[in-house]
Student: 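Before I ask anything, here is the structure I am working with.
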Amino acid sequence: MADHPNDPMHLDPHENGRLRYNHAPAESRQPLPAFDAWHDPVPDPAPLPPRMRPADRAKRIWRWVVRGAAALVVLLVIAIGWLAFTAPLSQSLKPPTPPSITLTAADGTPIARRGAIIGAPVDAAKLPPHVREAFIAIEDRRFYSHWGVDPRGILRAAWANMGSRGVRQGGSTITQQLAKNAFLDADRTMGRKLREVMIAFWLEAWLTKDEILSRYLSNVYFGDNVYGLTAASKHYFGRAPDKLNIGQAAMLAGLVKAPSRLAPTGNLEGAQAREMVVVGAMAEAGFITKAQAAEVQPQRVLAKQPEALPTGTYFADWVLPEARDQAGEIRNEATIRTTLDRNLQRTAERVIRQAGLRQAQGALVAMKRNGEVVAMVGGRDYAKSPFNRATQARRQPGSTFKLFVYLAAMRAGLTPETIADDSPVEIAGWKPKNDDNRYLGKIPLRRAFQRSSNVVAARLTQEVGVKNVIRAARDLGISTPIANEATISLGTSEVSLLEMTAAFAGVADGRYPVEARGLPATGDKPWYTALTSGPKTMPSDIHDEMLELLGASIRGTGRAAALSVPAYGKTGTSQSGRDAWFIGFAGDLVVGVWVGNDDNTPNPGLHGGGVPAQIWRNFMVSALHLAPVVKVPEPEEIDPEALFGDVAGNVIGPIAEQIHSQLQGAGIDLKVGPDGAVSVNRAPSPDAPPPPPRRDERGPPPGDGPPRDWF
């Protein structure tokens, strides 16, 4: 039916739905277009290329196969010639030469030399199966089936490393590890890795699997300066390798991953945990049954044998594990340059020796603002006590911890001019008190930091939040546990002197965290490490405010550390004088000093503004070649950590002066020292010539005078 008015017939709406004929002339009506006009034209198909005949295709494939084979032959000849000169097979057949490592100071002068314990070579074919299988299970489970390189292991390690965003697993086979230990250095470059792979193929082509395993077990490093399975078995368990039980073999196999860190003589718990990981791997690989694995117990090791006194110092002991790792697992001889400054090290040892500590111990760490340690003293006498109190001891830092409290406050928008309430306070039942029992009311934060007010520090911690104080400490590199409570504001959580000094270095440098290190920076960290865990820059306004606070402290509780150049620092004293600290910086040096007893007993009268501040000052005067301070700055506030001295000068002194004028006429000379000591002498005659100055009145040479004993 039509539906257009011009059609011959259409439905007329005015005719009640009846059809009406269209009487328009035929010549006025347009004809409909042809059907093909409604479709796009189809292009002609392109001509197909002539089909290649099977014979021609086979010839082309064969031609490329021949070319590839020829290229491989040429490369193989070149590789064989290259390996014959650079990696002679006989080198892997010889027993390892005893490696040694020499540590040098920054100027290249040797400071310590350590040898190694080397065991006799082993024959893997003659070892009990469980000894071989312990190493294969944890290091290279497909050892007997691959050709020197395990693609499956490489992919598995790459996947695990991607998931952990770092290098957690390695894909090297036992053959590759032997190639690296016997022929190559420890450089982590693509070229070295390529050589390692080629040498691994070379070893697999000329040696049996048991020969490769034998040389690997004879060379590998087991920690404690011990190389080879024979030496490790005797060193840790006092038996030959063929007498090891499953647990002992598993523990030794577990050490290979991180021998310096897991050596059981220093980290038995870590070695035992790793042992059980190896036992589980042996069971998973089918080398032992689950019942046998369940029967394995954590192994004990022999007590460490006393060794001859090393030629190095506390610093050498601290840096040696890092130097050993940098030198590689096995080296004939290695020389590692450290950051130690010999002149500053001698100065540090001298100021500790001359401090008059008597039965107490002292420690000192000096580093540059970038964390390079230039001097370290871990005790008064290394020969009597090699325990390093600068790195190994954990002690309460006292008021030095207020550095983090005030940093959190500055981050929260407070300034040194912000008014604080120096009055008694109670926080959840805890009532902190100022050491001198004096409360000044409303004072600026600068003054509170200067006099080391405990109640202000407690109030600030409550105001900004304990978590923010802990975050400030973590940001500056403190890794030891910190209690989640307000009392941390007074330094109740234990830390090491090395970490606290590095934290102050972060403030000094304006970039944090600063990592204390004894070897020069290599700059070979991956780019993604710099993006995710690189140092952060402290905002300039907060940096200036922290310097203002630390500078004010030198004029307060730390005035005994004053120098002739701008200096910054903070005192710290734990309860009953058990620990006394002074940490500060001037020029490019950041120095931390600790004094206390090893048994943590009290030291009456000991405080951070006393002996530690004097040791710090004497070191800085000599290290920075400064003139001694002629006049110590007048205290702007009473030092609460040295209250007795102020009482002696302000109370006893005036009374003694009145008595002195009365006794002098009777020929008696009475004097009161700054510490309250009273001396009585015969008064000189007015006509007598003045006596020559005594040695103690002339004063010590610059930087050499021992500070007054605090006993």
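When a residue number appears, it is its place in the shown sequence, counting from 1.
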Student: Roughly how far, to the nearest 0.5 Å, is the CZ atom of R342 from the CD1 atom of I111?
Tutor: 9.5 Å
Student: Between D475 and K536, is the closest basic N to carboxylate O distance under 4.0 Å?
Tutor: no
Student: Can you name the closest pair of heavy atoms from M500 and P397 and give their distance?
Tutor: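 The answer is CE-CB, 4.4 Å.
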Student: Without swapping roles, check the side chain of T571 against the backbone of G558 for a donor-acceptor pair under 3.5 Å.
Tutor: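 Not confirmed, T571 side chain does not pair with G558 backbone.
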Student: Using atom types as modelled and distance alone, determine if a side-chain donor or acceptor of R369 lies under 3.5 Å from a backbone N or O of G587.
Tutor: yes
Student: Under 4.5 Å between any side-chain heavy atoms of M546 and M410, yes or no?
Tutor: yes
Student: Checking the side chain of Y236 only, and the main-chain atoms of F222 only, is there a donor and an acceptor separated by less than 3.5 Å?
Tutor: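 Between the backbone of F222 and the side chain of Y236 there is a qualifying donor-acceptor contact (under 3.5 Å).
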Student: Sort out for me which residue in W616, F619, F504, Y568 forms a ring-ring contact (aromatic ring centres under 6.0 Å, His included) with F585.
Tutor: Y568
Student: For S489, what residues pass the side chain to side chain contact (heavy atoms under 4.5 Å, CB included) criterion, not counting sequence neighbours?
Tutor: V405, W430, A457, A458, T461
Student: Could I get the full list of side-chain hydrogen bond (donor to acceptor under 3.5 Å, both in side chains) partners for Q345, not counting sequence neighbours?
Tutor: E349
Student: What is the minimum heavy-atom distance between E139 and A253, and which atoms define it?
Tutor: OE2-O, 4.4 Å
Student: Would one find more than 12 heavy atoms of other residues, nucleotides or ligands at under 6.0 Å from atom CZ of R261?
Tutor: no
Student: Using side-chain heavy atoms (C-beta onward) and a distance below 4.5 Å, is V277 in contact with R274?
Tutor: yes
Student: Might you point out which heavy atoms bring G569 and F582 nearest each other, and give the distance in Å?
Tutor: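 Looking at all heavy atoms of both residues, the shortest contact is CA-CZ, 4.0 Å.
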Student: Within the structure provided, determine whether L255 and L252 are in side-chain contact (heavy-atom separation under 4.5 Å).
Tutor: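 Of all side-chain heavy-atom pairs linking L252 with L255, at least one is under 4.5 Å.
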Student: Are the side chains of T339 and K368 in contact, using a 4.5 Å heavy-atom criterion?
Tutor: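 They are not in contact (no side-chain heavy atoms under 4.5 Å apart), so the answer is no.
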Student: Does the side chain of T557 come under 3.5 Å of the side chain of S452 through a donor N or O and an acceptor N or O?
Tutor: no
Student: Please lay out, stage by stage, how L403 and L550 fare under the test side chain to side chain contact (heavy atoms under 4.5 Å, CB included).
Tutor: CA-CA 9 Å; L403 176 80; L550 292 169; 4.1 Å; yes
Student: In Å, rounded to the nearest 0.5 Å, how long is the span from CD of Q614 to CD of Q354?
Tutor: 13.0 Å
Student: Over all heavy atoms of both residues, which pair between Y406 and L549 is shortest? Give the atoms and the distance, please.
Tutor: CD2-CD1, 3.8 Å
Student: For T335, does its backbone N or O pair with a side-chain atom of T102 as donor and acceptor, under 3.5 Å?
Tutor: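 A pair under 3.5 Å: no.
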Student: What I'd like to find out is whether the side chain of F404 reaches to under 4.5 Å of the side chain of I482, using heavy atoms alone.
Tutor: no
Student: Could you tell me if the side chain of T109 sits less than 4.5 Å from the side chain of T104, heavy atoms only?
Tutor: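 Contact flag for T104/T109 side chains = no.
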Student: Evaluate the side-chain proximity of T601 to Q359: yes if any heavy-atom separation is below 4.5 Å, no if none is.
Tutor: no
Student: Run the side chain to side chain contact (heavy atoms under 4.5 Å, CB included) check on Y221 and S260 step by step: do they pass?
Tutor: CA-CA 9 Å; Y221 180 50; S260 299; 4.1 Å; yes
Student: Quick one: which residue pairs count as a salt bridge (Lys or Arg N to Asp or Glu O under 4.0 Å) with a foot in residues 382-403, not counting sequence neighbours?
Tutor: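 Sorted pair list: R389-D598, R395-D579.
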Student: Report yes or no: does R511 contribute a side-chain atom to a donor-acceptor pair with the main-chain N or O of T537 at less than 3.5 Å?
Tutor: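 Not at all, since once roles are kept as given, no pair shorter than 3.5 Å links the two residues.
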Student: For I101 and L320, run side chain to side chain contact (heavy atoms under 4.5 Å, CB included): C-alpha distance rounded to whole Å, both residues' side-chain angles, the deciding distance at 0.1 Å, then the answer.
Tutor: CA-CA 9 Å; I101 184 169; L320 184 63; 4.0 Å; yes
Student: Ignoring hydrogens and angles, tell me if any N or O in the side chain of N603 forms a donor-acceptor pair with the backbone of L606 under 3.5 Å.
Tutor: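 No; judged by distance alone, with no hydrogens or angles, the pair does not exist.
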Student: Ignoring hydrogens and geometry, is there a side-chain-to-backbone donor-acceptor pair from S564 to L626 under 3.5 Å?
Tutor: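 Side chain of S564 to backbone of L626, a donor-acceptor pair under 3.5 Å: no, none is there.
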Student: Going from CZ on R411 to CD on E545, what distance comes out if it is rounded to the nearest 0.5 angstrom?
Tutor: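 These two atoms lie 12.5 Å from each other.
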Student: I need the minimum non-hydrogen distance between M620 and G584, along with the two atoms involved.
Tutor: CE-O, 4.4 Å
Student: Would a distance-only check, ignoring hydrogens and angles, find a side-chain to backbone donor-acceptor pair under 3.5 Å from D509 to N370?
Tutor: no
Student: Would you give the length of the straight line joining atom CH2 of W581 to atom OG of S574, rounded to the nearest 0.5 angstrom?
Tutor: 9.0 Å
Student: Are side-chain heavy atoms of L563 and V621 found at a separation under 4.5 Å?
Tutor: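 Yes, their side chains come closer than 4.5 Å.
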Student: Indicate the atoms forming the closest heavy-atom contact of T501 with V365, along with that distance.
Tutor: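 Looking at all heavy atoms of both residues, the closest pair is CG2-O, 4.1 Å.
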Student: Would you confirm whether E499, through its side chain, and S479, through its main-chain N or O, come within 3.5 Å as a donor-acceptor pair?
Tutor: yes
Student: Kindly compute the distance separating CG (D599) from CZ (R578), expressed to the nearest 0.5 Å.
Tutor: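 Rounded to the nearest 0.5 Å, the CG-CZ separation comes to 10.0 Å.
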Student: Just verifying a value: how many Å separate D224 CG and T265 OG1, rounded to the nearest 0.5 Å?
Tutor: 3.0 Å
Student: Is a side-chain N or O of R474 found less than 3.5 angstrom from the main chain of I478, in a donor-acceptor match?
Tutor: yes
Student: Could you walk me through whether M376 and V319 pass the side chain to side chain contact (heavy atoms under 4.5 Å, CB included) test, one step at a time?
Tutor: CA-CA 11 Å; M376 177 182 290; V319 79; over 6 Å; no
